[in-house]
There are 2 protein chains.
Amino acid sequence: MQLAVDVGENALTERQKDVLDAALALLVEAGDALTMTSVARRASCSKESLYKWFGDRDGLLTATVQWQASKVRAVPVNPEAFDLASLTAGLQRFASDWLHVLSGTISVALNRVAVGHAGSDKHDLGVIVLENGPFAMARRLKPLLQLGRNTGLLHFDETDEAFRTFFGLVVRDVQIRLLLGDRLELTDASIERDSLRATQQFLALYGAQNGH
Amino acid sequence: MQLAVDVGENALTERQKDVLDAALALLVEAGDALTMTSVARRASCSKESLYKWFGDRDGLLTATVQWQASKVRAVPVNPEAFDLASLTAGLQRFASDWLHVLSGTISVALNRVAVGHAGSDKHDLGVIVLENGPFAMARRLKPLLQLGRNTGLLHFDETDEAFRTFFGLVVRDVQIRLLLGDRLELTDASIERDSLRATQQFLALYGAQNGH
DNA sequence: CCGCCGCCGTAACGTACGGTACGGTACGGT
DNA sequence: ACCGTACCGTACCGTACGTTACGGCGGCGG
């Protein structure tokens with residue numbers, strides 16, 4: 001399940017990063033209708049350079065998605081003085097971060113193009129987004145869950161099942177509705193509220209003080 | 001929130017239904033790469049007829065999505081002799097049905113093209129899928145939830161919040177992973193197991209016998 | 001100063017596909 | 001028998017876009 005995301009040495013010059021940022025912006029604006037010409041114009045570079053640097057259109061899209069993925073790096077949770085309060089805070093902070101990312105225009109745009117490409121031959125984008133989306137969330141959250149289990153604060157058999165339940169409680173129908181174009185404004189306040197609710201529901205299901 | 005899905009009189013001839021079924025099959029196979037020529041060839045009809053019947057490519061796609069939507073009609077739950085057992089059975093059956101639909105190749109294909117189109121100007125497909133997906137699920141489930149509340153079996157303030165929690169517990173990360181191309185085989189047995197788990201978790205959160 | 005290199009801008013090419021036009025055929029009505 | 005209608009198959013047109021090629025220009029080593 002451990003797929004290579006970073007290509008070791010990205011070897012991206014600043015100029016190329018600027019180009020990829022321009023591609024990101026266009027991806028947000030136009031979605032998959034992005035053209036090589038539009039990227040070249042927006043980034044003030046030649047199409048020749050685009051093809052030299054990224055090979056072809058798919059290479060550019062792949063590099064763009066990876067570039068965005070490399071920008072959102074995980075902040076690890078430090079397991080010092082671990083108790084119910086810090087577990088709750090960690091879960092809620094995690095849910096809040098995730099909802100903020102999910103509802104961002106960049107996340108929506110990238111997920112849209114990746115979903116679209118997963119339907120054709122090119123599964124690369126889907127794999128990359130999968131790896132940096134749900135799978136990355138799982139890798140980041142599972143240590144916290146296992147720490148909770150080791151300290152007796154949580155009860156579950158399969159870490160993966162616990163994670164997926166938490167995922168469901170946090171994300172619910174938000175992502176699919178956003179991807180399908182539903183206007184669904186998530187204010188900071190509502191995200192805070194939903195994160196707290198999801199965390200409390202998760203603790204009600206897997207917390208040590210409750211039955212099961 | 002009540003959007004027209006059926007166009008009153010569909011006025012679809014059998015021939016046209018066959019064409020739309022061919023379009024559905026091609027949508028599953030090729031996704032958004034479907035071409036008018038391929039539909040005409042598969043359905044053994046002329047492109048002229050396609051344009052006469054459906055206007056343009058978007059019209060064909062819209063008609064295809066609506067045609068599929070018209071095929072999966074809801075089976076209402078009869079509220080006779082309602083108790084905890086029938087509530088549990090209803091929820092579980094609902095979850096099972098939904099997971100079966102979600103994981104079907106047709107649902108995945110239609111959601112993919114709708115998500116893709118939601119990124120461009122044409123939001124129609126997204127709205128239609130939204131209307132026949134999450135929103136239809138909500139309309140079908142909410143009467144059952146309210147019946148549960150009226151009979152004292154469930155406790156919640158907002159029906160919509162309860163529904164969305166159930167949605168999250170049932171769907172979790174399954175749909176987004178399928179849309180992104182993750183190989184995720186859902187056997188009948190695993191779906192039955194997941195439906196039961198989701199139902200029990202939901203009852204643990206909103207059931208009358210539990211706290212809150 | 002000179003030549004090489006990387007890059008910009010743009011023009012050009014090939015192709016795929018949406019959309020249209022048209023000839024040919026079957027059929028039902030008169 | 002004749003006509004209108006509906007439809008199939010196919011050829012065709014226009015365009016958009018991916019991809020390639022080329023001219024020009026600034027910088028840098030010699």
Side-chain angles (χ1 to χ4, degrees), chain A residues 10-65 67 109 112-114 116-117 119-122 124-125, chain B residues 9-65 67 109 112-114 116-117 119-125:
Chain A
N10 294 56
L12 286 179
T13 69
E14 291 303 317
R15 186 78 186 93
Q16 290 166 348
K17 292 177 185 175
D18 292 344
V19 169
L20 294 183
D21 279 328
L24 266 181
L26 281 173
L27 225 41
V28 170
E29 294 174 20
D32 208 1
L34 164 149
T35 67
M36 300 297 278
T37 304
S38 70
V39 175
R41 201 163 39 220
R42 175 72 65 102
S44 293
C45 76
S46 71
K47 292 209 279 181
E48 185 183 20
S49 301
L50 290 185
Y51 284 99
K52 179 189 293 187
W53 292 334
F54 307 109
D56 56 3
R57 186 175 186 273
D58 273 309
L60 173 64
L61 289 180
T62 303
T64 304
V65 173
W67 165 237
R112 276 189 182 141
V113 33
H117 277 235
S120 66
D121 301 334
K122 292 292 179 185
D124 300 343
L125 293 184
Chain B
E9 297 309 314
N10 294 56
L12 285 180
T13 68
E14 291 304 315
R15 186 80 186 92
Q16 289 166 349
K17 292 176 185 174
D18 292 343
V19 169
L20 294 184
D21 279 327
L24 266 180
L26 281 173
L27 226 39
V28 170
E29 294 173 19
D32 208 1
L34 164 148
T35 67
M36 300 297 279
T37 303
S38 71
V39 174
R41 202 163 37 220
R42 175 72 63 102
S44 293
C45 77
S46 69
K47 289 210 288 178
E48 187 181 19
S49 300
L50 290 184
Y51 284 99
K52 180 190 294 187
W53 291 335
F54 308 109
D56 57 3
R57 187 174 185 274
D58 273 309
L60 173 65
L61 289 179
T62 303
T64 304
V65 174
W67 165 237
R112 277 188 182 146
V113 32
H117 278 234
S120 66
D121 301 334
K122 292 293 180 185
H123 288 210
D124 301 343
L125 293 186

Checklist entry - For A:A109, which residues count as a side-chain contact (heavy atoms from CB on, under 4.5 Å) partner, sequence neighbours excluded? => result A:V28

Item to check | Residue-phosphate contact under 4.0 Å: B:R41 side-chain N/O, C:dC17 OP1/OP2 | outcome: no

Checklist entry - Rounding to a whole Å, what distance do you find between A:L50:CG and C:dT10:C1'? => result 14 Å

Next on the checklist: Please find the pair of heavy atoms, one from A:R15 and one from A:C45, that lie closest to each other, and give the distance.
Outcome noted: NH2-CB, 3.6 Å

Checklist outcome for this item: The correct set of residues in residues 17-29 of chain B placing a heavy atom under 4.0 Å from DNA chain D is none

Item to check | Summary of protein contacts for nucleotides 10-29 of chain D, nucleotide by nucleotide, where a base hit scores B, a sugar-phosphate-only hit scores S (4.0 Å, heavy atoms) | outcome: -------SSBB-B-------

Checklist entry - Name the stems with DNA chain C in them: runs of three or more consecutive Watson-Crick or G-U pairs, distances under 3.5 Å? => result C:1-30 with D:1-30

Next on the checklist: Using the salt bridge (charged side-chain N to carboxylate O under 4.0 Å, His left out) criterion, which residues pair with A:K17? Sequence neighbours excluded.
Outcome noted: A:E14

Checklist outcome for this item: The side-chain contact (heavy atoms from CB on, under 4.5 Å) partners of B:D21 (sequence neighbours excluded) come to B:L24, B:W67, B:K71

Item to check | Partners passing side-chain contact (heavy atoms from CB on, under 4.5 Å) against A:T35 (at least two apart in sequence or in another chain) | outcome: A:T37, A:S38

Checklist entry - Can you check the A:R42 CZ to C:dC8 P distance for me, whole Å? => result 16 Å

Next on the checklist: Applying side-chain hydrogen bond (donor to acceptor under 3.5 Å, both in side chains), can you list everything that pairs with B:T62, at least two apart in sequence or on another chain?
Outcome noted: none

Checklist entry - By side-chain hydrogen bond (donor to acceptor under 3.5 Å, both in side chains), which residues pair with B:S44, not counting sequence neighbours? => result none

Checklist entry - Partners of B:R41 by side-chain hydrogen bond (donor to acceptor under 3.5 Å, both in side chains), sequence neighbours excluded? => result none

Next on the checklist: Taking side-chain hydrogen bond (donor to acceptor under 3.5 Å, both in side chains) as the definition, give me every residue that meets it alongside B:D32, ordered by chain and number, with sequence neighbours left out.
Outcome noted: B:R57, B:H117

Next on the checklist: Once side-chain contact (heavy atoms from CB on, under 4.5 Å) is applied, do any residues pair with A:S120, and if so which ones, sequence neighbours excluded?
Outcome noted: A:K122

